[in-house]
Structure formats: structure tokens, C-alpha cells
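Letters A, B, ... mirror the listed sequences (proteins, then strands); counts begin at 1.
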2 protein chains.
Amino acid sequence: MPVKLVDIAKHLNISVSTVSRVVNGKDRVSDETREKVLKAIKEFNYAPNEIARSLRSRTSKTIGLIVPDISNEFFALLSKGAEAIAKDNGYFLILCNSDYDEDMEKEYFEMLMQKQVDGIIVATVCKDEKYFERILDSSIPSVFVDNFPQIKRNFNFVTIDNEKAAYDLTRHLIDFGYKEIAIITGKLQETSALERLGGWKRALNEHGIKVNNDFIGIGDFKFDSGYRIMKKMLEQSKKPKALLAANNFIAYGAIKAIREKGLRVREDIYIVCFDATDNTGLISVRIPSMVQTTKKIGEIALDIIIKRLNNKEFSSKEYKIFDRVILEPTFVNA
Amino acid sequence: MPVKLVDIAKHLNISVSTVSRVVNGKDRVSDETREKVLKAIKEFNYAPNEIARSLRSRTSKTIGLIVPDISNEFFALLSKGAEAIAKDNGYFLILCNSDYDEDMEKEYFEMLMQKQVDGIIVATVCKDEKYFERILDSSIPSVFVDNFPQIKRNFNFVTIDNEKAAYDLTRHLIDFGYKEIAIITGKLQETSALERLGGWKRALNEHGIKVNNDFIGIGDFKFDSGYRIMKKMLEQSKKPKALLAANNFIAYGAIKAIREKGLRVREDIYIVCFDATDNTGLISVRIPSMVQTTKKIGEIALDIIIKRLNNKEFSSKEYKIFDRVILEPTFVNA
DNA sequence: AAAAGTTGTAAAAACGTTTTCACTAATAAT
DNA sequence: ATTATTAGTGAAAACGTTTTTACAACTTTT
């Protein structure tokens, strides 16, 4: 039903190629013809069929984004940043929600490949080396965000230095004189979880504090895991006096457990965490936090894809192609 | 580079059509041939090019979703719901963030059409009748969510009964004995904002309370507008004693203004609002709220599209095609 | 004035599928 | 034993573009 090149061509008694050339505006066409065509295009309300274009040009102008949970503000902001840059460059973003499910993530990857996306950004929850190889061996540029594959290979990757950030947060606690410092982190196949654990350990080690395995909780970055694990820790004979929560939800869950036990959050258990941003202005308890410039992560990830697609040098010295971009988190002690 | 039908065909010395038939599994092929082909497909790791499929079949298996702000939890949940149903039905979701910008929204619509999306869900911020006509006259199914076009025509639309919900919230205030009840709502071209204003007005009218124009604030659903307008209201000679905030952000902003003036939220100004969900568990101030089943809205919207695409009857009696789906919000008084 | 280059255009091939059409070979119905 | 059906397959057209190739008509260079 929609009008196509050949309709315009027939109407003007010229060839399809000429109309195409006018539409694309790069090849040479006489002024006279061009004007005729432009007029007809307007008159007929012609708009190119992007599917046909994609087939012919072998580029879909589409980027795939796989995140575990779009309703998590972290990933929502990441998506927002990515989407904005995508749009700026004439690309669309296909949103895929893996729901923290490894198989679903892999399935999405394959489907996106079939869909001929031009690039892919993935916040992986997987640990499958074969799968990572498939991504990296694919013909399209890929960027890992938040978590990265634990394999010995080059890949693009945007996050913060989680190890250092966790180290700094733990130092914060140690400097306050705490020694009984627990950590609740996410599944260790997620590097963000693993590295935060590493930073915590290093801080303890460097300050002569023995690592107590009872103070290590492995959750899943969700509220319930924070609640459940903290509750258990508070029932141990040896209870922590401070906690490094690997993200905001874990912290909130832990707070619930703490309060249920009749303890006070700052006074009895001092909590620090990642990514606690209060956009209600109503949270009274102070939780020092390392917050990531999440939107920026999405922007940079998409920027890297575009640059790789264009094979251009990065204009900015901030980060390099085929490299890891490590952003600085902000320490917020509100 | 990727292997295609013709590669398989050549390798087996059979025709492309036969291979295609095996891939699609609907046409008849001899068991012998089928097995040969399936084996080759596996061996060569063949996966169909969806772009080519789309061109030929004139269906892109893609749905466009335009929202004002994906980082707003409301739209994030809506997207999540839509995405889940899309995936279940073999569709992808293209995410578009209009940033509350009318022109950008329109532009996105046109781009999505060029992209040959099979359907579109839009949380519009526009008031342009021409634009709405364009959407409705397009060949693809569309569903409006959150806001709907103010035109006399049939269209699909999923939300809550905003007028009634606002009425009920206002009643809640009136029942408490409040008479000086202000409202801060969004831009009135957004029907959610307009209808909430309407419900507020009706409640006042029906209870013999005169509508005071100084108690009507038109913001934009963002924190700052709530803050700014409440601040102004509190500097009026006649100050409100209660507030209906048209969404959570407005409420939070208003609370900031209230507290800055040294007033207490419940005692001095009683606030009710829409969509205040506390997933931190840390918000101590109680704000009675009408919360929408946002994820459900996304699911239903996408479901309607799929049903319209399949031209099937709705299996559920819950809602009808070519109709408005009005969901019940939940009154939360936590 | 011949050779070389430029400009503008049309025709056709290509992108990777699906589907229609046509045909053969086998089977079923008369 | 003829005719009608059905099963299985291949060739070719189609989806709507872009791009390559070719060529005619001018311009410029020598």
C-alpha cells in the first residue's frame, strides 16, 4: 500500500535508480530532475522502506541491548543513555530483558543475530565461555557493560573499577574503626559481584583483619537476598558491626532485617553500598554509597559501537576502542 | 559471510525452495530430504536472515514502543510487561524515549513506520490531532497507554480510570474533613493529568467545596514542578491544607517544599498521590496512593497488538479489541 | 578536430528470503 | 486401463531498495 520508489519513477517517467539517487542525495542528479523528484516525493508522501534498505545495504541500523531487568533503575538509566546516542546516530535500540536468566540471555543473543543487528550491548549474567566466544567471534561489534566475561581475550567493556570502589568503601568502614565487616554481594559469576568481594577482601587483608567466612553473603542483587542473608548473619553468634552491600537493593533488604531485629542502622550496623540514589528525597537513613554514572555507561557503550561501525578514531581521548572503559564512581555520603 | 539458504542448497544439490520449506516446516518435504537438510543446517549453523524474511513476508516481527522517559519506573515497568509478551509471541520491542518532547515523539513515529514495525504502543505527550489521525490511519495496529488522544474516534487504549481514581483520592481527603485541597497535576494535554484534575474538581463540587484556582497547579509530572508549585502555594495568603499530587514525583517535590517551610507532611499538609511505590522500604512518611498495575498495562497493550495482528478473538473476556481497557488501580494507604 | 573527460540517466543485478507455478512421478479412484 | 489426486521438487518471481555497469550527450583538453 505505501508508495515506493517505482511509483514515483513511473509517475515521472524516469528510472527507479534516479529516484533512489535523489532520495539518498549523494550521487549526481541534474537540478531539474532532483526538483521534480523531490516534489513528487512530498506529494506522494514517500518514505523509504528501511527493511528493503537493510537487506540491500546489509546494515539494519539497529543495536541490540540485553539487560537483566529494565525495571531496575540502574539498567533503565543505562538504556536511556544508550538510546539517546543511538537516536543521535540514526540507530534504533532493541530492548531485551533477560530476567537474570542465562538461557534467555543466550537465546536473545542468537535472535538478535538473526535480526541482523549492527551491534550489541550486553549486561551479561552468564558464565559460559563458549557463549562469550560466540559473541566475540560474531561479525558485529559488542560491548559488555556492568559485567564482563572472564576469559582471556580482548573485548570492549564499560564499567567502574569495582574492586577499587569496594576497597574504598571498606576502607571507609575500617577508618571508622570497624573490624567486624560483612559483605553481601551478588552471584560471583557476575564480575561486578566478584570484584566487589575482591576489593572487600583486599581492604581487610591490607589492614590485618582476618576474613571471616560467616561474614560473606552471596545473594543476587535483589532486595530479598539482602534481607534473607542479613537476617541469617544477625542470628550468628558472631554478628557483623558493619556491612558492605554490593548494591542498593541488598542494602535496603539488609536494613529491613536489621530493623526487624530491633537494631538501629547507623548506630548498631553501619552500612555502605553501591548505587544508592534517593530520588524521592525521603530516605532519612544515611548510607554512604558509590554511585555509578549509569546513563554515561550506556552512552559510552553505544558510542563505542558506533565508532567501531564507522571504523573511526575516537575523537575523545577519554577511552579507546577495543579497550575497557573504566569510569570513576562518585562517593556519596549524604 | 553467514551461511544462507543457497549455500545449504548447493551443498546438498537441491533447490533453495526445498531448503526454505524445511526451515519453515509447513510445506511438505520428504522425510529423507528433510533429514539431509536438517543435518546440513546444523552442520553449517544456518540461521535465517530475518531482514530478508521481513522484506519478503512484509512483517518485521517488531513492535515500537514510545515512552516519555524510560528511567521513570512507571514506564520501565510498562516496557518490561510489553517486552515479555512481545518475546512470548516472537516479537522484538524497539524502545523509543521521547523525553517528553512532542516533536521527538512524532519523529519517532515516522521512523518506526519506515522501519516497518508491525505495531506501535505509545504513551503520548502530544495534542496534535493531525498526528493522532496519522497514527490511526496507518496500516498497523496501535495502542495508546497512559494518555489517549482527545479525538472523536475509536482507538485502543489501556489505562486506569483517572477521573474516578482522582475523585476517590479527593474523597479520601474530604472524608477526613479537609476543605482546602490543592492539586498539582501534569500538562493538561496529557489526559492522565487532565482527568485527574477533573476527578478532583468533581469531588469538590459534589461536596459543596468551592474550587479555588490558586489551588490548581499545572506541572509536568517531575519532581521540580512539584517542588516549585508547592513552594508557591505555600507563599500564598490562602494556603492548602491537603494536596492531591498527580504522581509520585510531584508528591516528593511538594514534600521537599513543605519541609523547607518548616511544615510537617501529614499534620500540616496531608498528601495523597498516584503511583507512590516504595521499593526501598525506607520511606517513613505515609502517602496514601493510587497505584497502577503498570506492568500489566504494558502486557495488555502488547497483547492487544498481537491479537489485532492475528485478527483473532480475544480469548479472555477481560477486554475487547478496538476498545478501551480500564484497569483498577489499587488504593495503598501504607 | 580528434581525444579525453564529465554529466546525467537507465537497465540490470544484487541483498536472502518466501511463495507461486509448473512439472514429474507415484498413487488412488473410476 | 484410463483418469484424477497427491507428493515432492525446482525454477522463477517477488519483496523494495542500492549500486554497478553501460552508454549517450556534452565539455574540455590537446
Side-chain angles (χ1 to χ4, degrees), chain A residues 1-38 40-41 44-62 90 111-118 139-140, chain B residues 1-38 40-41 44-62 90 111-118 139-140:
Chain A
M1 203 76 70
V3 33
K4 43 202 169 171
L5 285 183
V6 64
D7 299 321
I8 307 270
K10 275 193 183 140
H11 175 251
L12 296 176
N13 241 320
I14 60 178
S15 78
V16 173
S17 24
T18 302
V19 184
S20 170
R21 276 188 279 258
V22 171
V23 171
N24 291 289
K26 20 186 66 180
D27 242 327
R28 41 192 157 79
V29 180
S30 76
D31 290 349
E32 189 192 6
T33 319
R34 163 173 296 107
E35 235 152 273
K36 262 198 318 192
V37 172
L38 287 176
I41 283 179
F44 286 92
N45 224 307
Y46 168 79
N49 178 323
E50 288 295 336
I51 294 285
R53 275 191 165 171
S54 293
L55 180 59
R56 171 63 224 218
S57 62
R58 310 171 103 173
T59 145
S60 63
K61 288 287 178 180
T62 303
M111 288 167 64
L112 288 170
M113 292 303 291
Q114 285 190 219
K115 193 95 186 167
Q116 314 295 118
V117 293
D118 295 335
S139 52
I140 61 169
Chain B
M1 202 74 71
V3 33
K4 43 201 170 175
L5 286 183
V6 65
D7 300 321
I8 307 269
K10 275 192 182 142
H11 175 250
L12 296 176
N13 240 319
I14 59 178
S15 78
V16 174
S17 19
T18 301
V19 184
S20 170
R21 276 189 275 257
V22 171
V23 171
N24 290 290
K26 22 186 64 181
D27 241 328
R28 42 193 156 75
V29 180
S30 76
D31 290 350
E32 189 193 6
T33 320
R34 164 172 295 107
E35 235 152 275
K36 261 198 320 191
V37 172
L38 287 176
I41 282 179
F44 286 94
N45 224 305
Y46 168 78
N49 178 323
E50 288 295 336
I51 294 286
R53 276 189 164 172
S54 294
L55 179 59
R56 171 64 222 216
S57 63
R58 311 172 102 175
T59 147
S60 63
K61 289 286 178 180
T62 303
M111 288 167 64
L112 288 170
M113 293 303 291
Q114 286 190 217
K115 192 94 185 170
Q116 314 295 117
V117 292
D118 295 334
S139 52
I140 61 169

Overall bend of the helix from C/dA1-D/dT30 to C/dT30-D/dA1 (five pairs an end, 10° steps) is 40°
What residues form a side chain to side chain contact (heavy atoms under 4.5 Å, CB included) with A/Val3, not counting sequence neighbours? A/Asp7, A/Ile8, A/Phe44, A/Tyr46
To the nearest angstrom, how far is B/Lys10 atom NZ from D/dA11 atom C1'? 15 Å
Summarise protein proximity over nucleotides 14-19 of chain C in one line of letters, 5' to 3': B for base, S for sugar-phosphate only, - for none, counting protein heavy atoms closer than 4.0 Å. BBBBBB
Taking side-chain hydrogen bond (donor to acceptor under 3.5 Å, both in side chains) as the test, write out the residues that go with B/Lys4, two or more places apart. none
Determine which pairs satisfy salt bridge (Lys or Arg N to Asp or Glu O under 4.0 Å) with at least one residue from residues 16-33 of chain A, sequence neighbours left out, and list them in order. A/Asp31-A/Arg34
Any salt bridge (Lys or Arg N to Asp or Glu O under 4.0 Å) pairs touching residues 51-62 of chain A, not counting sequence neighbours? A/Glu50-A/Arg53
Measure from CZ on A/Arg28 to P on D/dT19 and round the result to the nearest Å. 15 Å
Please step through side chain to side chain contact (heavy atoms under 4.5 Å, CB included) for the pair B/Ile14 and B/Val37, ending with a clear verdict. CA-CA 9 Å; B/Ile14 59 178; B/Val37 172; 3.7 Å; yes
Return the CD to CD1 distance between A/Gln114 and B/Ile51, rounded to the nearest 0.5 Å. 11.5 Å
Test side-chain hydrogen bond (donor to acceptor under 3.5 Å, both in side chains) on B/Ser15 and B/Ser17; report intermediate values, then the result. CA-CA 5 Å; B/Ser15 78; B/Ser17 19; 3.0 Å; yes
Using a 4.0 Å heavy-atom cut-off across all strands, classify A/Thr33 as base, sugar-phosphate, or nothing. sugar-phosphate
Does A/Met113 form a side chain to side chain contact (heavy atoms under 4.5 Å, CB included) with A/Ile140? I'd like the steps, not just the answer. CA-CA 9 Å; A/Met113 292 303 291; A/Ile140 61 169; 3.6 Å; yes
